[in-house]
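Scroll down for the structure; my scribbles are underneath it.
Sequence lines set the chain letters: A, B, ... in the order given, protein chains first and strands last, and positions in each chain run from 1. These numbers come from a predicted model, not from an experiment.
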Amino acid sequence: MSTFATRIQSLSRASRYARRAGWPAIVSVCILLLVVIMGLAAPWLAPQNPNEVDLGSIYASPSRQHWLGTDGLGRDLVSRLIWGARTSLLGPLLVAGAAAFLGSAVALATAWRRGRFDTVTTSLVDTMLGFPGLLLAILSVALFGKGLLAPVVALAIAYMPYFARVTRSAALRERSLPYVTALTIQGMGGLRIALRHILPNILPLVLAQSAMLFAYAMVDLAAISFLGMGVQPPTADWGSMVAVGQSGVLQGHPMQSLTAGGLIVVTVVAVNIFAEAIAGRSARGQH
Amino acid sequence: MTGGTILEAREVRKVFPLRGAARRGQELVAVDAVSFALPRGGALAIVGESGSGKTTLARMIVGLEAPTSGEIWFDGSPRQYSRRAAHRRQQAREIQMVFQDPYSSLDPRQSATQCLEELLRLHFTFTAEQIEERIAELGGQVGLGQAEMNAKPERLSGGQRQRVAIARALAVQPQVLVFDEALSALDVSVQAQLLNTLSDIKDRSDLTYVFVSHDLAVVRQITEQVLVMQRGHVVETGATAQVLSAPQHPYTRLLRSSVPGPGWRPKRLDHEPSSREPQDHGEAN
Amino acid sequence: MSLLEVRDLCVWVQTEGKDRQVLRDVVLSVAPGEALGLVGESGAGKSMTARAVGRMLPTGASATGDILFDGASVLAMTGRDLRAFRRRGTSFVAQNPLSAINPVHTIGDYLTEPLVVIAGMRHKAASEAAVAALAEVGIMDGLRVLGQYPHELSGGMLQRVMICSSLLSGSRLIVADEPTASLDVTTQSQVMAILDELRRERSLSLLFISHDLELAAAICDRISVMYAGEIVECQNARGLQAEPRHPYTRALFAARPTIDGASHRLPAIPGRAIAAHEAGAGCSFANRCPYVAPQCNTEHPLLTETDGGQVRCLRAAEIAALPLPMRCPP
């Protein structure tokens, strides 16, 4: 079958999923797409330079020149919010991606090998569950310096055990099905079975978990930026904007914190709804 | 051992250690000293109820479990047990298995064509045309049309899925096919169709069948030899027609008399196994 | 008067947003103290009929026609009457007891809870009643079993416990949906014997659903055969085994291998069984029937009375004279 035909098939399948998932899922997907486009197309979408300081018009009210006003240094809020999408989304994406990758690897390996390897590895992973992600991130910033990299790595390591546990259960279930036994009898190698057969069948769960981790990471990273340890000025980032906007709130100019905080909330909620929709679909799709 | 014997079991025994603090040190003898000799082109039935050890025996035959003692001989040499994929690949061309549940014995993401293609590429170095030809040939053997071969399992009925499972087992040209209750989950009419298909396949090749089943009527229809098992032991063995029409062992008689048929009435018995048999045993791979 | 009467029951269920018909004009009746077997293959609609009888249709399902229990319409029942019907009218014995009994409760809880909560018995009296009922189904150490959990019992024991629960509820109709399908054949024989014996002793009615014709014929007085969501034949059990009238019933008997001898080829029914919504105009079995005639494809046959039963076939009279499909000797 040609790849074109399969692509058409999967598109129509995708639209069928969308219809079955209901309007909250569709709305959340649209919101997420908008946010992503916002970040990707920032150079073209942002009306002004987000870092252009204009001390003459700090905390300006919304006007035709500054649609949402300006922040404490006279920078255009809209532009900063649009550019902020980049770092605000990139961090959680890296965390979720790394945690998912590591977690899946651990899950598939332990589910396949079982025996002592499984017991030892799972115990190790379980002990890691005891480390609170945020504290680990703060610790790593203290050790390795501020910026995006240290907290992202720390959070990825902290989240991996959650991912690994859930995925391992699903992988174990899948592995116990007769079709895996049939492939084993056929002499197919474990790696191939795990990657080409087990993983695709637990993919909906993996995606749903990743989406959930994305949401958690977004909140955690925003908190880290809020504490001044993540993304450093002058880079626009929603978390740090909420933090920096504190002084503005006290002076009666809540726009920066409100809008940045609002975007964080909307994105996290949209991701959660999306994750639920995928998880719901995978639950329905079970035989 | 004659040249015509393709599969042989010699005093095969399988013991599982029991897990759990309360039962540590105890073991379950799943299969005890089973022996049989199956000629090429023949059909052997392994009959028993739950706890009889028939599934464990089938798994040992196909290579999923290694016997604790005793040997399984295939075509004149003893079978070695190894978890290595390369070893299994070689053994795959000797003995294959068809499973009971049509709904979980196929990868839900693969159509029959995709499944067979993957397997053929794994075992052979065929060209694309050769693969297509072989897939069409297999489809014809099991009675599946092009549309069904290209459909995902969720669109197929139970009977069609079992046909795909049989095609998968036949793809690598094994010499022995083990059916682990492969027809038990199917409706009567579908079962009949599949029994005919299996007879046809056997008639046209020199395949040998091992039928693990609890259904005596099916066993009578398609097998020539039978092994009756109870709690791991063989209680009776012989020609299927003989054993089923004139059973000698009390357990075989009990089995025979429990099969519904014209004029049959259910009977209450005096004894009854009270709790579950210990099902917990060592991990199988 | 019948205890249970189903009249022209049609049921549609929602799958993937569409309404699909699963039952078409189902007609059956069970007299007090009678056992009716409902036999068919997958997709025939037997389980759906059972669910309809208990008013347990899936959400989004719609039904026309009626189900009368002791004269009262089950489909129209509400509130207190419905609860009373579900508690004491009918009881169900499901196929898989492990999924029908709460695994975190003991057997004792399972059996005594309805007695204590609904019948208002004192706990001690309820336990005694449960032990007595367990003895009737052949479980002699009832007191010990009351303290056990479902996973500690074998399949056969659990089914007996479920039958026990039906007896304790005092219901007059037992609906058993493939109760022995997951049991060994020797255990099946025992459980069937218990069910049969107790039913006769207490003059209970039984609606026995199965895919196994011979099993149903062993304990049922009459048998209704279902295909594609409709009843295609109804006869007393002996008569059905001796002289099946509908081509589908005849084909089913012929397609089943027998323990007495092997045939070279089984007379398999070509094609596959269809569900109600897949049936076209005309007879639902027409495309697989060995006796099909041109009018079978256009005219939908009605359930007509014959001596000793009913059959839904345009050519029933002619077919009755023909010999049964022969198996080829080996």
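In terms of heavy-atom proximity, C:A255 sits nearest to B:A192 at O-CB, 3.4 Å. Summarising the geometry of B:P266 relative to C:S189, their closest heavy-atom pair is CB-O, 3.3 Å, with the distance given to 0.1 Å. Closest of all the heavy-atom pairs between B:S258 and C:V185 is O-CG2, 3.4 Å.
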Please test C:I194 against B:R268 for side chain to side chain contact (heavy atoms under 4.5 Å, CB included), starting from the C-alpha separation and ending with a verdict.
-> CA-CA 7 Å; C:I194 291 168; B:R268 274 179 99 135; 3.6 Å; yes
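The closest side-chain heavy-atom distance from B:V188 to C:E41 is below 4.5 Å.
Ranked by heavy-atom pairs shorter than 4.5 Å toward chain C, the options B:I222, B:D215, B:L244 are led by B:D215. The most heavy-atom pairs under 4.5 Å with chain C, out of B:G261, B:G159, B:S245, B:G263, come from B:G261. For the set B:Q191, B:Q221, B:K267, B:R265, the entry with the most heavy-atom pairs within less than 4.5 Å of chain C is B:Q221.
Using a 4.5 Å cut-off between heavy atoms, B:Q193 touches chain C through backbone and side chain atoms alike. In this structure, chain C has a heavy atom under 4.5 Å from the side chain of B:L195, while its backbone stays farther away.
The pair B:R256-C:D260 meets the salt-bridge criterion, since a charged nitrogen lies less than 4.0 angstrom from a carboxylate oxygen. The pair B:D200-C:R265 meets the salt-bridge criterion, since a charged nitrogen lies less than 4.0 angstrom from a carboxylate oxygen.
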